[in-house]
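See below for the structure under consideration.
Sequence lines set the chain letters: A, B, ... in the order given, protein chains first and strands last, and positions in each chain run from 1. What's counted below: heavy atoms across the whole structure, side chains too, no hydrogens, waters or symmetry copies. Source: prediction; values computed, not measured.
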2 protein chains.
Amino acid sequence: MTDRIREFLAARRPEGPCLVLDLDVVRDNYTAFARALPDTRVFYAVKANPAPEVLKLLAELGSCFDTASVGEIEAVLAAGASADRISYGNTIKKERDIARAYELGVRLFAVDCEPEVEKIARVAPGSKVFCRILCDGAGAEWPLSKKFGCAPAMAPRVLELAHRLGLHAYGVSFHVGSQQNNVDAWDQALGSAASIFREMAERGIALSMVNMGGGFPTKYLKRVPKVQSYGNAIFRALSKHFGNRLPETIIEPGRGMVGNAGVIKAEVVLISQKSDDDPTRWVYLDIGKFHGLAETMDEAIRYPIKTPRDRDAKTPCVIAGPTCDSVDVLYEKAPYELPISLAIGDEVLIEATGAYTTMYSTVGFNGFAPLASYVI
Amino acid sequence: MTDRIREFLAARRPEGPCLVLDLDVVRDNYTAFARALPDTRVFYAVKANPAPEVLKLLAELGSCFDTASVGEIEAVLAAGASADRISYGNTIKKERDIARAYELGVRLFAVDCEPEVEKIARVAPGSKVFCRILCDGAGAEWPLSKKFGCAPAMAPRVLELAHRLGLHAYGVSFHVGSQQNNVDAWDQALGSAASIFREMAERGIALSMVNMGGGFPTKYLKRVPKVQSYGNAIFRALSKHFGNRLPETIIEPGRGMVGNAGVIKAEVVLISQKSDDDPTRWVYLDIGKFHGLAETMDEAIRYPIKTPRDRDAKTPCVIAGPTCDSVDVLYEKAPYELPISLAIGDEVLIEATGAYTTMYSTVGFNGFAPLASYVI
């Protein structure tokens with residue numbers, strides 16, 4: 001929570017739930033990443049929050065951009081960044097979308113299999129490609145599935161095909177899992193990347209880049225390590241595996257760049273009990289899983305929630321959203337402590353909600369508008 | 001799949017993933033509900049698919065409407081239904097939204113606790129209220145949580161408060177769980193409702209209505225009972241618990257009204273393997289959890305997927321969506337059999353997707369547009 005957000009809410013009193021995002025925090029985060037890893041280029045993961053004001057600020061600060069679609073590429077270009085600062089980082093692309101990106105000037109693409117390399121060779125000749133490898137994601141609060149990446153043993157074949165088809169076999173990428181609290185999580189994956197570099201060198205192909213992905217956390221309720229600690233641990237791991245021939249490196253922070261910059265203002269709609277025998281209080285807010293808080297799925301992300309009565313005694317509450325959908329319950333397995341004095345109509349602030357909220361909102365499920373957003 | 005949808009897709013060749021919904025099927029479904037339960041009023045659950053054409057058709061056919069918000073109430077009124085055909089069925093309402101609904105003419109409200117009754121008494125004087133009770137949802141594929149409803153033992157106190165505050169204590173509601181395959185699931189809840197009627201009569205208050213909710217299934221891969229079987233079972237249960245003093249009744253079909261009326265056209269973006277040792281094929285579509293197929297969460301709903309090569313031999317596939325989000329995987333725990341010959345660029349049809357798709361779509365996560373919808 002920042003003074004600027006507090007003042008904005010006090011002055012504007014916006015009706016309905018909304019996200020307020022403070023660009024000063026985004027600026028501080030960008031600076032922290034740039035300082036912690038001075039030789040690494042920062043590619044902001046646009047999907048975390050593609051608000052035009054955020055993209056414009058980061059473009060001005062010199063950031064590059066990791067994009068998932070032609071739509072995101074167009075948004076980044078509209079924000080003033082040139083195409084050579086854009087990575088089309090989705091491993092799943094229609095051939096016509098690759099062609100469109102190429103037309104827009106993009107020359108850097110992610111792949112994780114041979115068919116994707118073939119598409120790029122056909123419609124984006126000469127482009128740089130990096131191969132994403134699987135990584136186990138241990139230590140992450142939002143663990144990744146096997147959806148992206150191939151087994152490290154398969155990567156040389158994918159990269160060699162790229163080389164044979166006239167593309168620039170540029171490097172390797174991986175992702176250690178979102179909200180990664182273990183600063184040493186990059187070590188093992190960097191070891192795999194270094195092996196692939198050696199294997200490719202034996203095949204006469206010199207890779208030059210390692211994309212170390214995202215995973216940098218935002219502080220929710222638990223403390224998280226500082227960005228500098230990640231920087232130090234990553235530099236140690238890079239030196240360990242690559243010696244004094246360090247590759248070019250890229251990071252793709254999304255949550256770590258904008259998560260703590262935003263606060264959602266919400267309202268208590270109802271407080272009730274289900275039976276006389278069950279003292280659990282149900283607290284219903286005017287925002288839930290379908291209008292921005294999708295990351296409470298399986299209660300994975302536990303947001304800090306501030307109320308106007310936090311000095312009062314607390315009691316365990318189930319917290320749920322306002323829709324007629326039974327899955328729209330935020331915290332139930334592990335109830336949330338809220339003040340006993342909390343009342344219908346109270347405003348609550350849900351902190352660290354700058355990432356993965358506005359874009360996770362539905363178009364209007366149950367007739368409730370998508371999450372409003374103010375960037376200040 | 002209907003001929004009209006097939007012809008529309010062949011003639012229009014819409015670009016990108018889209019839902020096509022055939023109003024003739026909605027008409028047939030409405031007629032089947034009206035015939036199966038001739039003495040029961042049908043309140044279409046607008047949240048399942050609020051397309052204006054669907055609301056307009058149902059308004060013309062004489063349907064009533066179950067709404068979750070002021071937004072849905074306004075949509076129903078815009079479709080030509082009068083306010084006396086609208087139930088504000090959400091148990092979680094802001095007092096100012098109740099006031100707005102009352103201003104628009106709505107006089108029927110759901111409650112499940114005393115504080116909600118107090119709000120309605122303050123701003124919607126004289127309205128009818130029904131109290132929702134908890135129901136265990138056994139047999140449902142999309143089971144309900146305890147989010148809505150109170151213990152049956154608490155309902156008489158809630159309804160008596162309504163009566164005391166000048167509201168019309170109108171009846172009881174429950175929901176047996178969505179995609180409910182057991183035609184006898186209504187029996188136990190109707191028994192609870194009848195007990196509450198007796199208890200209220202002893203307190204000198206005559207309830208008159210039972211809202212039997214939704215839960216009527218759509219056929220996905222497994223067969224489901226016909227609407228008439230539900231009608232027969234429900235009538236038997238009503239007679240068993242209420243004898244020859246049958247109450248007014250309401251049902252709230254959503255999925256059962258529109259689910260089988262829609263088909264999503266999608267495209268195969270990529271087919272790959274993760275390693276040489278793992279023969280599982282990964283099939284990536286241009287639609288996933290964030291653009292309409294949210295009900296694949298926990299692989300709850302298993303849609304029929306038709307390809308142009310369904311006569312060929314099949315192999316187990318993991319099916320995933322196109323976003324850079326690792327949770328955007330549709331079927332993995334129980335892989336899906338698809339043709340070995342399936343190729344990148346093939347169009348696939350995802351059937352029975354008329355309900356809970358367009359409105360579950362995000363506003364544009366990863367820069368992909370919300371699910372397009374054509375109502376024909």
Side-chain angles (χ1 to χ4, degrees), chain A residues 46-47 50 67-72 75 89-90 92-94 112-113 115-116 134 143-151 153-154 267 269-277 282 284 286 290 297 320 322-329 332 344 358-370, chain B residues 46-47 50 67-72 75 89-90 92-94 112-113 115-116 134 143-151 153-154 267 269-277 282 284 286 290 297 320 322-329 332 344 358-370:
Chain A
V46 174
K47 62 182 181 286
T67 62
S69 65
V70 171
E72 287 191 352
N90 194 340
I92 309 149
K93 299 175 289 297
K94 290 183 183 173
D112 68 357
C113 62
E116 196 72 10
L134 285 163
L144 302 182
S145 63
K146 286 169 77 173
K147 183 177 175 188
F148 310 104
C150 61
M154 192 188 263
E267 178 180 330
V269 180
L270 183 63
I271 301 175
S272 67
Q273 278 175 241
K274 295 291 158 187
S275 81
D276 294 324
D277 313 329
W282 282 67
Y284 299 90
D286 62 356
F290 296 104
M297 186 161 24
T323 64
C324 287
D325 195 308
S326 54
V327 308
D328 187 14
V329 175
E332 181 176 15
I344 292 172
T358 49
M359 293 314 283
Y360 268 143
S361 173
T362 63
V363 292
F365 188 51
N366 270 231
F368 295 112
Chain B
V46 174
K47 63 182 181 285
T67 62
S69 65
V70 170
E72 287 191 353
N90 194 342
I92 309 150
K93 300 175 288 299
K94 289 182 183 174
D112 68 357
C113 62
E116 196 73 9
L134 284 163
L144 302 182
S145 64
K146 285 169 80 172
K147 182 176 175 187
F148 310 105
C150 61
M154 193 188 261
E267 179 181 330
V269 180
L270 182 64
I271 301 176
S272 67
Q273 278 175 242
K274 294 293 159 187
S275 80
D276 294 323
D277 313 331
W282 282 67
Y284 298 91
D286 62 356
F290 296 103
M297 188 162 22
T323 63
C324 288
D325 195 308
S326 54
V327 306
D328 186 14
V329 174
E332 181 177 14
I344 292 173
T358 48
M359 293 315 283
Y360 268 142
S361 173
T362 63
V363 291
F365 187 51
N366 270 228
F368 295 113

Look up atom [atom1] in [X] and atom [atom2] in [Y], then write down how far apart they are to the nearest 0.5 Å.
X	Y	atom1	atom2	result
B:Lys94	B:Ser69	NZ	OG	11.0 Å
A:Thr362	B:Tyr360	OG1	OH	9.5 Å
B:Glu116	A:Ile344	CD	CD1	7.0 Å
B:Asp276	B:Gln273	CG	CD	7.5 Å

Engaged part of [X] at the chain B interface, taking heavy atoms whose separation is under 4.5 Å:
X	value
A:Phe365	both
A:Thr323	both
A:Cys113	side chain
A:Asp328	both
A:Val46	neither
A:Met359	both

Relative to chain B, which of [options] shows the most heavy atom pairs under 4.5 Å?
options	answer
A:Ala68, A:Cys324, A:Pro370	A:Cys324
A:Asp286, A:Thr67, A:Thr358	A:Asp286
A:Gly364, A:Pro322, A:Pro115, A:Pro50	A:Pro322

Would you say the side chain of B:Ser326 lies within less than 4.5 Å of the side chain of A:Phe148, judging by non-hydrogen atoms?
-> yes
Find the one option among B:Gly71, B:Ala151, B:Gly89, B:Ala153 whose heavy-atom pairs under 4.5 Å with chain A are most numerous.
-> B:Ala151
Ring-face cation of A:Lys147 near B:Trp282 (centre distance under 6.0 Å, axis angle within 45°) | no
Just do the side chain to side chain contact (heavy atoms under 4.5 Å, CB included) check on B:Met297 and A:Met297 with the steps written out, would you?
-> CA-CA 10 Å; B:Met297 188 162 22; A:Met297 186 161 24; 3.8 Å; yes
